[in-house]
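Computation of the quantities below employed the complete heavy-atom set of this structure, encompassing side-chain atoms and omitting hydrogens, waters and symmetry-equivalent molecules.
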Amino acid sequence: MNHIDFIASSAATAVKALYGTEPCPCLIQTQPTRKEFEGDVTLVVFPLLKTSRKAPEATAEEIGHWLKENVAQIAGYNVVKGFLNIKLSGSYWAEVLSSIAADPDFGQLPSTGKTVMVEFSSPNTNKPLHLGHIRNNLLGWSISQLLKACGHNVMRVNLVNDRGIHICKSMLAWLKCGNGVTPESSGMKGDHLVGDFYVKFNDLFKAEVKELVAGGMSEEDAEKNAPILKEAQAMLVKWEQGDPEVVGLWRRMNGWVYEGFDQTYGSLGISFDRTYYESQTYKGGKALVEDGLSRGIFFRKEDGSVWCDLTGDGLDQKLLLRGDGTSVYMTQDLGTARQRFEEYNLDEMIYVVGNEQNYHFQVLKLILGKLGFDWADSIYHMSYGMVELPEGKMKSREGTVVDADDLVGKMYNTAKETSLELGKLEGMDESEQDSLFRMLSMGAMKYFILKVDPKKTMLFDPKESIDFNGNTGPFIQYTHARIQSILRKAEGLEKVAGKAELLPKEESVIALLASYPEKVREAGAAHSPALIANFAYDLAKEFNQYYHDTQIIREEDAAVRSQRLVLSGTVARTLRHAMNILGIELPDRM
RNA sequence: GGUUCCAUAGCUCAACUGGAUAGAGCAACAGAUUUCUAAUCUGUAGGUUCAGGGUUCGAGUCCCUGUGGAAUCACCA
């Protein structure tokens, strides 16, 4: 039980003793005491006034008095308006510190036995990854880590969109003007090479449209009838028929892309437990739709297409099968959802997908519910906001897309320059330096993205490099490195808490530490890694202030020093745990 | 047009789900290093929380109205 809960339950006892009735837990409102007031935990007494039948101040005074008299761990209290600020004793905090320090799994919540699948990344294979994918990948990774910390079994999956007209466009452009170029022959990363041919296709397409329009055709017709587009469509039909030549090229070019993706995933430090491919799942779900049709849940229009009527839910009609019997996006998502729940007996399925698809997931959930699956409510769309540039959305047409590999590279160089400027690399060999630059650059980038509430649109200015000072990843990394430096020097010294008095600042650091498991639970429930990021920053900031005006290893009193070493070590360990949830590594030196 | 989401300091973001005088960082200015790492710390300045109404002991947070912005409503995925 942490200190907040401890006070809450003590307060409940006090209310019962004083006023004779057991208060509803919802009336016991506690919160950490604000900095400008004296105390550790604050009880808000307004909700209790009906029970006490007294004025706010008098009620707070009575409860405070009772607590001080009857609860040994409570050292004092003060009342400000309807707020009862409670001070816990130093020995209480020392005990808390000792128990945290003795818990090797601090921050890991007990196993729930539940299995959660997290789908994220889900790229198309015709373009390299960009900044939007980075936010998706980082969120997907960190929500997975977070749910593990919450005690769930987590399965990370990727669903690659490896088929469709867009892939055929790249293939066609490569056939027309690739001259057999490969990643090996060109020295290019495969995903970028294929992406360039996708752009090339659009250039060719535009040129043809222009020509047709010049010949008197309307723009609309020209865009539908450009020969190269027809060719791409014909290619897709061939692909669906299994034409060996088309399929062979498709395999080859997708292979290049996967190699490129793996490299990007590697530099981001993410991986998956399983990868699904749309080329294997896109036909699924039809049986489900037919079943719904026969049960009268869906209906067929004259042209043969199948729909679900959602007007009763305030939405529109949704297409589930085309007139020609082929499936659409929704069809396959219905199919894969069922397949996954049945295959892995999932308790929850989380889709990390941008908020532009809110409607899709709303409909998906509704339809699964109509089909009678009791797990329909166990689907959660982790909807995140777009990353915008100062001039608005990223547009490939205007060349404003921030490429993932470019950004990673730039961050690396900035980290390197900054480190060299500060001149702290003495005694580190090249590979140690390289690994440090990676940690720092990815730490800065990941923290920058993850500290923002996932739901919100966020802004990224490519002209300004991501900061290394202030509320940043490197700030937290630096705090950790300084602690590690102390601990290296303290090797062999005793590390025990509870044998010395605590400073007020030490008590507030311990209070923060003690609130961490609850913070993990909260962040998990809110599906928000940002809460963990903000916690880590608060802890690092609090510790830095402490570090600034307190001697640790140079403290002469052995009992005091020993306790400070325990505190420092516990802070470092907790920072590592929190940052690990975000996928950020902490260096021992920097 | 319908639906959903968003609006907080010059900029980027917080605010424990309705609690105290709305907090950090960046940028600006002024300081701190013979000291366990100054990628740090301290201070100054910066706000009608888009506007207006309502609910109550109490609203950035909940409910209306308006303004501004975003997404979505495809036989695309």
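Salt bridge status for A:R163 with A:E240: present, with a side-chain N to carboxylate O gap under 4.0 Å. Of the charged side-chain nitrogens involved, at least one lies within less than 4.0 Å of a carboxylate oxygen, so that A:E555 and A:R564 count as a salt-bridged pair. Taking the charged nitrogens against the carboxylate oxygens, A:K87 and A:E38 have no contact shorter than 4.0 Å, which rules out a salt bridge. A salt bridge is defined here as a Lys NZ or Arg NE, NH1 or NH2 lying under 4.0 Å from an Asp or Glu carboxylate O, and A:E494 with A:R561 fails to meet this definition. Salt bridge annotation for A:K35-A:E542: present, with a cationic side-chain nitrogen under 4.0 angstrom from a carboxylate oxygen.
Residues of residues 550-557 of chain A that place a heavy atom closer than 4.0 Å to RNA chain B, in numerical order, are A:T550, A:Q551, A:I552, A:I553, A:R554.
Across the P atoms, B:rU12 and B:rA7 are found 13 Å apart, a figure rounded to whole Å.
Residue pairs satisfying the salt bridge (charged side-chain N to carboxylate O under 4.0 Å, His left out) criterion with at least one member in residues 443-459 of chain A, sequence neighbours excluded, are listed as follows: A:D453-A:K455.
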Tell me, with the steps shown, if A:Y546 and A:F543 meet ring-ring contact (aromatic ring centres under 6.0 Å, His included).
CA-CA 5 Å; A:Y546 169 66; A:F543 185 83; 5.6 Å; yes

Contact letters for nucleotides 42-47 of chain B, in which S counts primed atoms plus P, OP1 and OP2 and B counts the base, heavy atoms under 4.0 Å:
S-----

Which letter, B, S or -, goes with each nucleotide of nucleotides 14-22 of chain B from 5' to 3', with contact meaning a protein heavy atom under 4.0 Å?
SSBB-BBS-

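A:Y547 carries A:R482 over the face of its six-membered ring, with the cationic atom under 6.0 Å from the centre and within 45° of the normal.
Looking at RNA chain B, the stems built from 3 or more consecutive Watson-Crick or G-U wobble pairs, each pair with its key distances under 3.5 Å, are B:1-7 with B:67-73, B:10-13 with B:23-26, B:28-32 with B:40-44, B:50-54 with B:62-66.
A:D434 pairs by the salt bridge (Lys or Arg N to Asp or Glu O under 4.0 Å) definition with A:R438, not counting sequence neighbours.
Between A:F475 and A:Y537, the angle of the ring planes lies from 30° to 60°, which puts this pair in the tilted group.
In summary, the aromatic rings of A:Y198 and A:F201 are positioned with their centroids too far apart to meet the 6.0 Å limit. Taking the centre of each ring, A:Y380 and A:Y351 stay at or above the 6.0 Å mark.
Regarding the sugar-base torsion, B:rU17 falls in the syn class, its angle being within 90° of 0.
Taking side-chain N and O atoms only, A:N471 has no distance below 4.0 Å to OP1 or OP2 of B:rU12.
With a 6.0 Å radius and a threshold of 12 heavy atoms from other residues, nucleotides or ligands, A:E391 has its CD atom above the threshold.
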